[in-house]
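Note sheet for the following structure.
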Amino acid sequence: MTPRDTPPGPLLDVRGLTVRTDDGRTLVDDLSFTVGGGERLGLIGESGSGKSLTTLALLGLLPDGMTATGSVELAGTQIVGAPEKRLTAVRGRDAAVVFQEPLTALDPLMRMGRQIAEPLARRTGLKGRDLRTAVTDALVRVRLPEPDRIAHAFPHEISGGQRQRVALAMALACEPSLLIADEPTTALDVSVQAEMLDLLDTLVREREMAVLFVSHDLAVVAKVTDRVLVLKDGRAVEEGPVLDVVTAPKAGYTRALVAGARKLESALDLRSPR
Amino acid sequence: MTPEPKPTDGARATPVLELADVAVRYRGAAADVVQGVSLAVEPGQSLALVGESGAGKTTLLRILLGLARPTAGTVRFDGEPLAPRDRRQMRRFRRGVQCVFQDPYSSLDPSRRVAAIVAEPLRSLGLDSRTTAAPKVAAALERVGLPADAASRYPHEFSGGQRQRIAIARAIVCDPRVLLADEPVSALDVTTRVKVVDLLAELKEERRLTLVMVSHDLSVVASLCERTAVLESGRLVEQGDTAQVLGDPAHPYTRRLIDSVPRLPV
């Protein structure tokens with residue numbers, strides 16, 4: 001990992017972030033939070049809470065018809081209102097994203113190897129055989145078996161769990177300081193999800209990478225983050241260390257969320273008749 | 001808590017639905033997607049089919065629904081082989097077995113009002129005319145906790161949880177004995193999911209409804225089903241009382257599934 005001159009202050013500093021549609025609806029309302037270097041923050045919310053829009057706004061990726069106001073500083077660069085050229089420099093290097101659905105995040109017509117090679121070549125300047133070796137290494141790092149076969153495969157030829165690992169390899173290829181993961185395991189089976197969470201945990205720990213983990217699932221967020229921010233209807237309702245929030249939630253909404261999750265979970269505490 | 005299996009006195013009741021040594025192979029495929037599956041759905045003993053993607057859960061559910069036919073083995077309804085061409089049997093079958101699907105967005109016709117959607121089973125089974133269906137529709141909507149004016153609105157005016165309630169209203173309006181549900185709550189948010197699970201549990205009790213549910217969510221299975229069958233790559237690896245299968249699994253695959261469920265720190 002190459003040390004970069006990190007400016008003082010948090011890696012990600014969001015102040016008063018507001019996302020509005022052109023017809024005047026406010027979808028994210030005056031949101032402020034920070035993520036320090038190496039820190040892991042969870043963004044919790046149900047559908048329509050604005051969590052995914054927030055992640056898009058962080059990288060200047062909001063869809064047409066939506067505008068962000070306020071301030072998003074990523075490694076010292078102001079994202080809100082920044083020209084595309086400045087955003088391109090930031091994406092991948094300072095922050096990279098893994099989205100929920102790897103099938104839509106990956107180009108269906110491009111072999112996996114080439115998709116990983118693109119960001120790698122851009123950052124490292126590697127070519128030919130060296131680049132191919134680097135691609136294989138990237139696939140080995142996310143613990144994919146038979147990396148050479150995967151590199152030659154198209155997205156539809158490998159399983160959902162493998163696709164999400166490839167997406168993670170792509171995000172990690174440029175060694176970003178911040179990894180944004182938007183429901184990265186929601187589309188996966190439970191056993192695959194468990195493996196993926198372990199992998200993510202190990203990889204970011206090794207690299208001392210900061211993580212912004214977005215999910216509707218409290219138990220999943222609790223596994224990989226230290227601190228959580230609970231969103232409802234575009235507003236932050238509670239923030240704190242993850243253990244405090246899930247054991248002693250303060251806001252009424254968080255209490256309902258935790259109670260719901262605990263109620264479902266309690267059904268699994270079975271006493272076997274055997 | 002897991003529903004207690006009800007004691008069965010001596011002779012077991014005839015299963016409502018039964019699969020005997022069922023195998024399915026899709027045309028052109030090299031191998032069976034489902035192999036040698038035998039299971040029985042007994043009245044009052046709700047059954048969960050558990051497993052990961054590609055295990056064959058939905059294929060089995062489609063067979064139980066009569067939407068697909070096995071390439072080998074037999075399907076029985078009330079003890080008789082299911083014959084999709086036997087119109088009289090199919091009418092009894094459709095009346096007795098209704099279904100709810102996973103995605104509340106694609107499973108409701110967007111161009112029809114809720115009243116017409118919910119009345120559909122009554123109309124297609126020839127049980128009711130539009131006028132005689134109306135009170136039954138109103139009762140079903142009320143039972144699932146939707147406002148009375150829901151009947152005159154369109155599906156897009158409702159949230160995901162409300163849409164799933166509409167789908168449940170449609171399924172129970174003709175008073176079926178069995179409700180087949182494919183991941184009925186997995187598209188819903190946690191707080192909504194809890195409420196829909198509660199609704200299904202209540203309906204089971206009051207209407208003596210037997211659920212046959214496909215789910216990857218073990219906590220939902222444990223909340224609703226007395227029996228659980230675990231599928232791995234098209235084969236049943238374990239089946240029995242839910243408390244036993246999930247509480248003390250005999251098969252390593254079941255154990256792995258249970259251990260993978262993320263739990264909240266205490």
Side-chain angles (χ1 to χ4, degrees), chain A residues 44-49 51 159-161 185-198 215-226 228 232 241-249 252-274, chain B residues 1-5 48 50-55 57 159-161 185-198 201 215-225 228 232 240-250 252-266:
Chain A
I44 286 275
E46 297 189 301
S47 32
S49 62
K51 54 189 193 306
S159 74
T185 60
T186 305
L188 307 177
D189 281 324
V190 271
S191 63
V192 184
Q193 161 168 284
E195 288 164 13
M196 182 80 186
L197 290 174
D198 274 348
S215 179
H216 69 283
D217 191 328
L218 270 174
V220 167
V221 171
K223 277 192 95 142
V224 284
T225 66
D226 322 308
V228 287
K232 182 178 196 300
V242 70
L243 206 58
D244 294 1
V245 172
V246 298
T247 51
Y253 175 69
T254 321
R255 279 207 295 275
L257 214 57
V258 173
R262 289 218 187 271
K263 182 174 177 198
L264 284 174
E265 223 179 79
S266 70
L268 274 179
D269 297 324
L270 301 161
R271 216 169 300 145
S272 161
R274 257 197 284 227
Chain B
M1 265 334 288
T2 302
E4 287 285 319
V50 160
E52 298 191 293
S53 4
K57 310 187 290 287
S159 68
V185 297
S186 58
L188 308 178
D189 282 325
V190 178
T191 45
T192 318
R193 191 179 301 176
V194 173
K195 290 178 195 149
V196 175
V197 166
D198 285 347
S215 183
H216 69 276
D217 189 332
L218 298 182
S219 57
V220 172
V221 165
S223 311
L224 288 171
C225 297
T228 297
E232 185 191 17
D241 289 342
T242 300
Q244 193 159 62
V245 173
L246 298 184
D248 185 14
Y253 177 71
T254 317
R255 160 71 40 216
R256 191 153 65 87
L257 279 183
I258 295 164
D259 289 345
S260 303
V261 178
R263 308 284 294 254
L264 280 176
V266 188

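In what follows, every heavy atom counts, from backbone to side chain, and hydrogens, waters and symmetry copies are set aside. Residue numbering restarts at 1 for every chain, and letters A, B, ... go by the order of the sequence lines.
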(request) Please state whether the side chain, the backbone, both or neither of Ser47(A) comes within less than 4.5 Å of a heavy atom of chain B. (result) both
(message) If I measure from the heavy atoms of chain B, does Leu257(A) come under 4.5 Å with its side chain, its backbone, both, or neither?
(response) both
(message) Please enumerate all residues that pass side-chain hydrogen bond (donor to acceptor under 3.5 Å, both in side chains) together with Asp217(A), with sequence neighbours excluded.
(response) none
(request) Could you check which of Ser191(A), Ala222(A), Ser159(A), Gly260(A) has the highest count of heavy-atom pairs closer than 4.5 Å to chain B? (result) Ser191(A)
Quick one: [atom1] on [X] to [atom2] on [Y], what's the gap to the nearest 0.5 Å?
| X | Y | atom1 | atom2 | result |
| --- | --- | --- | --- | --- |
| His216(B) | Gln193(A) | NE2 | CD | 8.5 Å |
| Leu264(B) | Leu243(A) | CG | CG | 10.5 Å |
| Lys263(A) | Lys195(B) | NZ | NZ | 10.5 Å |

(request) Might you point out which heavy atoms bring Thr191(B) and Ala256(A) nearest each other, and give the distance in Å? (result) CG2-O, 3.9 Å
(message) To check you understand the geometry: which heavy-atom pair defines the closest contact between Ala267(A) and Ser219(B), and what is its length?
(response) CB-O, 3.6 Å
(message) Whether the side chain of Glu46(A) engages the backbone of Val190(B) through a donor-acceptor N/O pair (distance < 3.5 Å, no angle test) should be reported.
(response) yes
(request) Could you pull out all residues at least two apart from Ser49(A) that satisfy side-chain contact (heavy atoms from CB on, under 4.5 Å)? (result) Lys51(A), Leu231(A)
(request) Please tell me if the side chains of Leu268(A) and Arg263(B) come closer than 4.5 Å, counting only heavy atoms from C-beta onward. (result) yes
